[in-house]
Novice: 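Can you keep this structure in mind? I'll have questions shortly.
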Amino acid sequence: MFALIDCNNFYASCERVFNPSLNNQPVVVLSNNDGCVIARSNEAKALGIPMGAPAFQIKQLLNKHNIHVFSSNYALYGDMSARVMNILSNFSPELEVYSIDEIFLKLEGFNLYDLTQYGWNMIDLVKRSTSIPISIGIAPTKSLAKVANKIAKKFPERTKGTYVIDTPLKVEKGLKWTKIGDVWGIGRQYQTKLQGIQVTNAWQFTQLPNEYVRKEMSIVGLRLQRDLSGIPTLDLEEVAVKKNIAVTRSFEKMYTDLEDIRERVATYASKVSLKLRKQNSCCQIAYLFLHTNKHREDLPQYANGISIKMPFETNSTMVITNAAMTGLKRIYREGYQYKKAGIIVMGLTPDTQNQLGLFYNEDPRHKVLMQTIDRLNKNCFDQVKLGAQDLSKVWKMQQNHLSKRYTTRLNELIEVKV
DNA sequence: TCTGGGGTCCTAGGACCC
DNA sequence: TCTGGGGTCCTAGGACCC
């Protein structure tokens, strides 16, 4: 059996941990630059706040209902996630952390266990240890565990947060209850296509001829169909090193000047280089893109990107930043108002087995320098930067509703009045 | 005024090899 | 009239996830 455990309204729940006055109050969390709604408490959902809504469009609604608004605080969410995952990892030796708020556990050899009770034990322990509410679905396959999890969430009174699918009858009932668009692996396009042939729930999908599914949805769809039918097909996946790493950001306002954009791109390049070093990878290619504000159709539009082949496999901030600057010069055009840029590094290789170049190789001093800079920045919070970055300003993001980093910064600890 | 960020996998077709 | 067979690698595009 597989268990899928997922944190309820995770970001909103994190905000409540250190601010219990938010309990039972509507809470929303916004994306970078305080742009869109990316998390909602149940109360906010009930008030009709749509997922993904631009904050400025729903300002009135937020004010009218006194909804508590937060900027995203990834330092807090990341740390709370690690705590929750750590606790849950005690419930099975085989697991897959699927996202910041979801984890699969494989429950092999649990035949004599009351799995519903087992789930309730998890909920209880995580709640007592972290204050984060979770929901649990347990079933013979991963995709059915997803279905069970949805049921647990939808009927909290009846399930008390845990729902187990363990009979063919429950499989059928669960699948018939699940709308086709809510199935894990069925997105917008497939939903439309399937509805077009009168497939509106997950059960009907499992009844489709294999050949049709194979032809229209490739091998991926076929696997999903099998897995949903109760034949274990999708297994836990190993945590692999990433194949691409990206840092992409909208600017807090539109920039026209090359100098301003150079500074932003240099900062993104150094962030992406640090991510590379953290997973002990080097890159062969850096891809840089730049574009204007797509939502401003009244303004002239321009978007372009460029792949830059590195002279050798590298994770040096200086080499990658240099490449990005060269690329930027090539794609930047005067006279546009730019809103977003990003760097994606690709062709990643382990930094222990670098292929030596025939003509050019990295200055061996870079490696030592990077290690030193990383160590300094870890202890002193990003004090060492390249000259191309803006040294004076730390945050270039709209974050008007940011909570404290309660769990990762000593000077932001929660204060208790006696 | 204002609209997020970061990933994965699969397939078809082109370029190339012998 | 008639023009082989078998393979790999790379890329762009399309789908999906949180």
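So you know, we letter chains A, B, ... as the sequences are listed, proteins then strands, and number each from 1.
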Novice: OP1, OP2 of B:dG5 versus side-chain N and O of A:S250: anything below 4.0 Å?
Specialist: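 True: A:S250 side-chain N/O within range (under 4.0 Å) of B:dG5 OP1/OP2.
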Novice: Give a yes/no on whether any side-chain N or O of A:K340 is located under 4.0 angstrom from OP1 or OP2 of B:dG5.
Specialist: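 A:K340 to B:dG5 OP1/OP2: side-chain N or O found under 4.0 Å.
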Novice: Between A:Y11 and A:F70, is the gap from one ring center to the other below 6.0 Å?
Specialist: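 No.
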Novice: Reading DNA chain B from 5' onward, which residue's closest nucleotide shows up sooner: A:V247 or A:S218?
Specialist: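 By nearest-heavy-atom nucleotide position, the 5'-most residue is A:V247.
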Novice: Establish, with yes or no, whether the OP1 or OP2 oxygen of B:dT11 is under 4.0 angstrom from a side-chain nitrogen or oxygen of A:R214.
Specialist: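 Yes, A:R214 has a side-chain N/O under 4.0 Å of OP1/OP2 on B:dT11.
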Novice: Are any of A:R249's side-chain N or O atoms less than 4.0 Å away from OP1 or OP2 of B:dG6?
Specialist: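 Yes, such a contact exists.
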Novice: Please give the stem ranges for DNA chain C, sorted by first residue number, where a stem is three or more consecutive Watson-Crick or G-U pairs and both donor-acceptor distances are under 3.5 Å.
Specialist: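 Runs of three or more consecutive pairs: B:5-18 with C:5-18.
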Novice: Return whichever of A:M254 or A:N32 has its heavy-atom-nearest nucleotide of DNA chain B closer to the 5' end.
Specialist: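 Here A:M254 is the residue nearer the 5' end.
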Novice: Check this for me: A:K106, atom NZ, are more than 12 non-hydrogen atoms of other residues, nucleotides or ligands nearer than 6.0 Å?
Specialist: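 Yes.
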Novice: Are any of A:K59's side-chain N or O atoms less than 4.0 Å away from OP1 or OP2 of B:dT1?
Specialist: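 The answer is no; no side-chain N or O of A:K59 sits under 4.0 Å from OP1 or OP2.
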Novice: Just so I know, are the side chains of A:I180 and A:Q204 near enough to count as touching, which here means a heavy-atom distance under 4.5 Å?
Specialist: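 No, too far: nothing below the 4.5 Å cut-off.
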Novice: Got A:T141 and A:L234 here, is their nearest side-chain heavy-atom distance under 4.5 Å?
Specialist: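 No - every pair of side-chain heavy atoms lies 4.5 Å or more apart.
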Novice: Other residues, nucleotides and ligands only: do more than 12 of their heavy atoms fall within 6.0 Å of CD on A:Q207?
Specialist: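 Atom CD in A:Q207 is crowded, with more than 12 foreign heavy atoms closer than 6.0 Å.
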Novice: For A:I306 and C:dA12, give me the distance from atom CD1 to atom P, rounded to whole Å.
Specialist: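 Taking atom P of C:dA12 as the reference, CD1 of A:I306 is at 13 Å.
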Novice: Less than 4.0 angstrom between a side-chain N/O of A:K146 and OP1 or OP2 of C:dC18, yes or no?
Specialist: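 For C:dC18, OP1 or OP2 has a side-chain N or O of A:K146 closer than 4.0 Å.
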